[in-house]
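As structure tokens, the structure follows; a few thoughts come after it.
Computed from heavy atoms alone, side chains included, the values below leave out hydrogens, waters and symmetry copies. Being a predicted model, the structure only gives us computed values, none of them experimental. So that the names make sense, note that chain A is the first sequence line, chain B the second, and so on, each numbered from 1.
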Number of protein chains: 2
Amino acid sequence: MARNHHHSANSCKICAEEPLDELLAACRAAGLRRTHLLLRVLEVLQRQTAPVSIRELSTTRSIRDDCDPATLYRLLQRLETKGLVRRIGLHERAAHYTLRRGHHHDYVVCRECGDVALLDMACPAQKLEREVSRSTGFKNVDHELQFYGVCPKCGKKARN
Amino acid sequence: MARNHHHSANSCKICAEEPLDELLAACRAAGLRRTHLLLRVLEVLQRQTAPVSIRELSTTRSIRDDCDPATLYRLLQRLETKGLVRRIGLHERAAHYTLRRGHHHDYVVCRECGDVALLDMACPAQKLEREVSRSTGFKNVDHELQFYGVCPKCGKKARN
DNA sequence: TTAGATGCAAACGATTTGCGCGGAA
DNA sequence: TTCCGCGCAAATCGTTTGCATCTAA
């Protein structure tokens with residue numbers, strides 16, 4: 001089961017690409033310092049619609065040179081704590097991160113190659129959060145929904 | 001963020017507890033051998049409604065003695081490949097497993113202590129699988145839906 | 001008898017942590 | 001000048017793998 005990570009994710013028609021300035025403003029407001037690494041990471045996350053792993057970040061050209069893994073982990077933890085990125089589990093070994101964009105997104109993940117595509121549809125779970133909270137007593141409920149399947153590319157390979 | 005794993009999961013009113021015999025029959029049909037470890041693992045999974053991690057399995061009284069972690073991992077991989085258990089990511093470091101019961105289940109996970117509760121409600125994502133397949137070209141689509149929140153116990157602690 | 005399971009030990013990959021230094025505010 | 005963030009190195013944890021041995025079928 002090789003994981004290629006083409007990231008064919010189509011972009012969302014609703015979420016406009018947030019300018020870097022605004023992201024930085026949000027970071028400052030959250031008490032983060034305007035670091036070289038922060039800048040680079042935001043740039044990458046901004047142009048990526050699919051969730052990105054730390055390994056992928058750390059091998060990105062612009063980041064590769066000046067990047068210690070530990071620092072990267074710490075930065076993304078900070079960003080997540082401040083609510084600026086969302087951490088997502090995709091059944092890969094490694095966690096993945098996305099910017100928190102205008103509205104909630106769900107994903108389809110290929111079981112064969114790990115490719116992730118963004119879903120551009122009304123999320124059916126969001127309206128249930130309240131119901132879940134009511135029925136279980138859990139507070140502050142949000143959710144994570146992923147679909148898993150075999151992407152067209154891998155489907156084709158299998159048929160040969 | 002300590003993870004306690006009380007597993008307060010309430011049981012599902014619909015899924016009857018499957019007799020061990022039937023489980024074993026299914027395993028045999030899948031080509032698995034009736035091993036000591038297999039028996040023990042099935043027993044534990046059967047009485048647990050919440051997903052269980054391999055660590056939890058390996059520290060269960062009945063399993064602890066005769067259990068090498070590598071063997072346990074391999075067994076659960078086999079069981080998953082054969083479609084007998086479901087592997088679930090819960091934002092914990094470790095994967096969790098449940099028996100594939102009568103019908104699909106979703107879960108609420110406590111962000112503080114990691115406690116997992118079973119949700120006994122109609123799953124809103126199941127009917128979307130076809131739609132996702134159609135709109136993305138992914139085949140053989142299923143899904144995983146988890147809600148995250150703060151469980152009553154942890155909510156109380158925070159208020160003190 | 002034989003393919004499938006196991007135990008042990010070692011490798012691996014993702015993530016975390018401690019500590020002393022450097023840079024943004 | 002003061003913390004926050006950084007780099008480096010080592011530790012930890014979950015998981016995988018190779019290999020010789022064992023055992024259910």
Out of C:dC8, C:dG13, D:dC8, minimum distance to the side chain of B:Ala70 belongs to C:dC8

Quiz item: With sugar-phosphate meaning primed atoms plus P, OP1 and OP2, does B:Leu75 contact a base, only sugar-phosphate, or nothing at under 4.0 Å between heavy atoms?
Solution: nothing

Here the distance between atom P of D:dG14 and atom CG of B:Leu90, to the nearest Å, is 14 Å

A:Leu72 atom CG is separated from C:dA14 atom P, nearest whole Å, by 13 Å

Per atom distances to the A:Arg78 side chain, the nearest of D:dC6, C:dT17, D:dT16 is D:dC6

Open item on the list: Within the 4.0 Å heavy-atom criterion, would you say A:Leu38 contacts the bases, only the backbone, or no part of the nucleic acid?
Closed with: nothing

Between NE2 of A:His91 and P of D:dT15 the distance, given in whole Å, is 11 Å

Between CG of A:Asp68 and P of C:dT16 the distance, given in whole Å, is 14 Å

Do A:Arg33 and A:Leu38 have side-chain heavy atoms sitting under 4.5 Å apart?
no

note: A:Leu42, atom CG; D:dG5, atom P; distance rounded to Å ~ 13 Å

>> Is there a side-chain contact between A:His143 and A:His104 in this structure, where contact means two heavy atoms from C-beta onward sitting under 4.5 Å apart?
In response: yes

The contact string for nucleotides 19-25 of chain C, one letter per nucleotide 5' to 3', using protein heavy atoms under 4.0 Å with B, S and - for base, sugar-phosphate only and none, comes out as ----BBS

task = Would you indicate, yes or no, if C:dA14 has its OP1 or OP2 atom less than 4.0 angstrom from a side-chain nitrogen or oxygen of B:Arg93?
result = no

- [ ] Find out if a path of hydrophobic residues (ILVMFWY) with successive side-chain heavy-atom gaps under 4.5 Å connects B:Val109 to B:Val150.
- [x] no

#### Entry: Side-chain N,O (A:Thr71) to OP1/OP2 (D:dG7) below 4.0 Å
yes

B:Arg87 CZ to D:dT15 P, in whole Å, measures 7 Å

(Q) Are B:Leu84 and B:Leu32 packed together at the side-chain level, in the sense that at least one heavy-atom pair is separated by less than 4.5 angstrom? (A) yes

If you compare every side-chain N and O of B:Gln77 against the phosphate oxygens of D:dT15 (OP1, OP2), does one of them come in below 4.0 Å? no

- Do B:Glu144 and A:His91 have side-chain N/O donor and acceptor atoms under 3.5 Å apart? yes

Q) Quick one: is C:dT16 close enough that its OP1 or OP2 comes under 4.0 Å of any side-chain N or O from A:Tyr73? A) no

Rounded to whole Å, the CG-P distance (B:Leu79 to C:dG4) equals 16 Å

Notebook entry, point to check: Ion pair present between B:Arg74 and B:Asp68, side-chain N to carboxylate O less than 4.0 angstrom?
Noted result: no

Separation of D:dT15 atom P from B:Glu92 atom CD, nearest Å, is 11 Å

Report yes or no: does A:Arg100 contribute a side-chain atom to a donor-acceptor pair with the main-chain N or O of A:Gly83 at less than 3.5 Å?
yes

